[in-house]
Amino acid sequence: MKLWGGRFTKPTNELVDEYASSIRFDQKLAKYDVKGSLAHVAMLKKCDIISADDADQITAGLKKVLSKIEAGEAELSETDEDIHMNVERLLIEEIGQVGGKLHTGRSRNDQVALDMRLYVREAVSELIVLLKSVQQALIGQAKTNIDVIMPGYTHLQRAQPVLFAHHMMAYVFMFQRDVERLEDSLKRVNKSPLGSGALAGTTFPVDREFVAQELDFDGICDNSLDAVSDRDFVVEFLSNGSLIGTHLSRLCEELVQWSSAEFHFIELDDSYTTGSSMMPQKKNPDVAELVRGKTGRLYGNLISMLTTLKGLPLAYNKDMQEDKEGMFDSHETLKGVLQLFAGMIESMEVDKESMYKAVTNDYSNATDLADYLVNKGLTFRESHAVVGQVVLNCIQADVYLLDLSLEEFQQYSAVIEEDIFEALQPETVVNARAAAGGTAKQSVLAQIDKAEKLLESSDADKV
Ligand code: ARG
């Protein structure tokens, strides 16, 4: 008979058992479920809701149940619907009817909310650590290649030269926002719903704060109806995960482009690429492509969770069981991606010459010619028009700005002097952008310094 079978005169249809049960996937929650139950039973004992002897038996029994589940020795059954009822049944099998006292003052509704919060809390902390390893790898590339100049793009057209390190640091700060968003989300994740009962609270004299402290929560959920219906923390995780996916995907798109023969800016290490079954010459950036591709499922999980929640009346509804698979999938997807990512970045080789060639065989110093003329007294509009003419003529003659002689420059504007050749060198162009956040070496070194301090300080917070 089912744990809730008393009110029923017929068994559940077998298909319904299979359809409604969640044990296939929520067995992942076993360790959190038992952890929550251990805190709950400690509270029942402390508040004299059950006897110390009963509580001690339950505590010992729960520990045995968990080790059996973890060793794969416990039989989890679909008839018991979910992890909560499976654990309770296993407990009763282990210690007898006294196990039936565990659920005093508790409902599966506050229990599952608790389990999910414990799961999300751990997942968030895990992702923060992994994101930091990616940031470190990007900083490592920035430092190793601090003098490498590459074309910076807008509209995927070569725009102005930048330091490759500057480009790497753009992603470091992007991922820093992800880390901060995850850290911030912990404020909302880390509240205990236990003691909210099914929806209205409990008649037993429970001590919710005690349970919260036992489980390292920062406090309790303030309203029992909200506590059992709230899955905002899952949405936030999926949303933060989606944005992490967006960022990783943008970087992967660049890695895919840069490793093509057309760009040849980088070479991904053999250990992070794959071959073609037909074309022997190929080396495919599969890992980067898959990371880009997996972003789709991260978005999918977010949209499906939002959609599941949007029409739900308070308080708990069975629809909410749908929070789990997407949450687990996004967590595992991100974990898988991030575990690989730092290694892929660290092992990538930068083709300095190719990047430099792309900068010099181009007109990406045109803005600097315009700025030069402004410094010699032209308005920016006048100078823009002059430089437009210079570039157009150069394109027609198939030469670059630095191929022109001083006399040729002076045909466009008499104010141009010998120092123009120095002013248009890629190094000068880059280092001229020395304002904070710009691409000059000094500015990029300051960015690296700041990012390293940010990484250290948030590590220190954790200790
Ligand atoms: N398996 C359920 C879930 O994941 C647990 C809560 C069930 N509560 C209930 N009253 N049916 O949401």
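Every number for a ligand or one of its atoms is a count from 1 in the order of the listing. Values below: every heavy atom of this structure, side chains too, minus hydrogens, waters and symmetry copies.
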Discussion item. Give me the nearest non-hydrogen protein atom to atom 9 (C) of ligand 1 as residue plus atom name, then the distance to 0.1 Å.
Written reply: N109 OD1, 3.5 Å
Discussion item. Under 4.0 Å between a side-chain nitrogen and a carboxylate oxygen: does that hold for K2 and D80?
Written reply: no
Discussion item. Checking side-chain contact (heavy atoms from CB on, under 4.5 Å) between V41 and each of D54, D56, L102, which is the one that passes?
Written reply: L102
Worksheet item: Which atoms from ligand 1 have a heavy atom of V112 less than 4.0 Å away?
Response: 3 (C), 4 (O), 5 (C), 6 (C)
Fill in: Exceeds 12 heavy-atom contacts within 6.0 angstrom, atom CZ of R250
no
Practice prompt. Using a strict 4.0 Å cut-off to heavy atoms of Q321, name the atoms of ligand 1 that fall inside it.
Written response: 1 (N), 2 (C), 3 (C), 4 (O), 12 (O)
Fill in: Contact atoms of ligand 1, heavy-atom distance to S22 under 4.0 Å
1 (N)
Discussion item. Check this for me, if you would: do D270 and K283 make a salt bridge, where the nitrogen-to-carboxylate-oxygen distance has to be below 4.0 angstrom?
Written reply: yes
Worksheet item: Does R108 come within less than 4.0 Å of D82, counting only side-chain N to carboxylate O?
Response: yes
Discussion item. Please report whether ligand 1 has a polar contact with Y316, defined as an N or O pair separated by less than 3.5 Å (distance criterion only).
Written reply: yes
Practice prompt. Examine the proximity of ligand 1 to D323 and report which part, side chain or backbone, both or neither, has a heavy atom under 4.0 Å away.
Written response: neither
Worksheet item: For D323, which of R117, K318, R231 qualifies under salt bridge (Lys or Arg N to Asp or Glu O under 4.0 Å)?
Response: R231
Practice prompt. Carefully, step by step, assess R208 and D222 under the rule salt bridge (charged side-chain N to carboxylate O under 4.0 Å, His left out).
Written response: CA-CA 10 Å; R208 295 190 57 203; D222 294 304; over 6 Å; no
Worksheet item: Which residue owns the protein heavy atom closest to atom 11 (N) of ligand 1, what's the atom, and how far is it?
Response: R108 NH2, 3.5 Å
Practice prompt. Kindly confirm or rule out an N or O of K318 lying under 3.5 angstrom from an N or O of ligand 1.
Written response: no
Item to complete: Examine ligand 1 and decide if any of its atoms is less than 4.0 Å from a heavy atom belonging to H84.
Response: yes
Discussion item. Within ligand 1, which atoms have a heavy atom of D82 less than 4.0 Å away?
Written reply: 1 (N), 2 (C), 5 (C)
Worksheet item: Ion pair present between D110 and R106, side-chain N to carboxylate O less than 4.0 angstrom?
Response: no
Discussion item. Could you tell me, atom by atom, which parts of ligand 1 come under 4.0 Å of a heavy atom of K324?
Written reply: 3 (C), 4 (O), 12 (O)
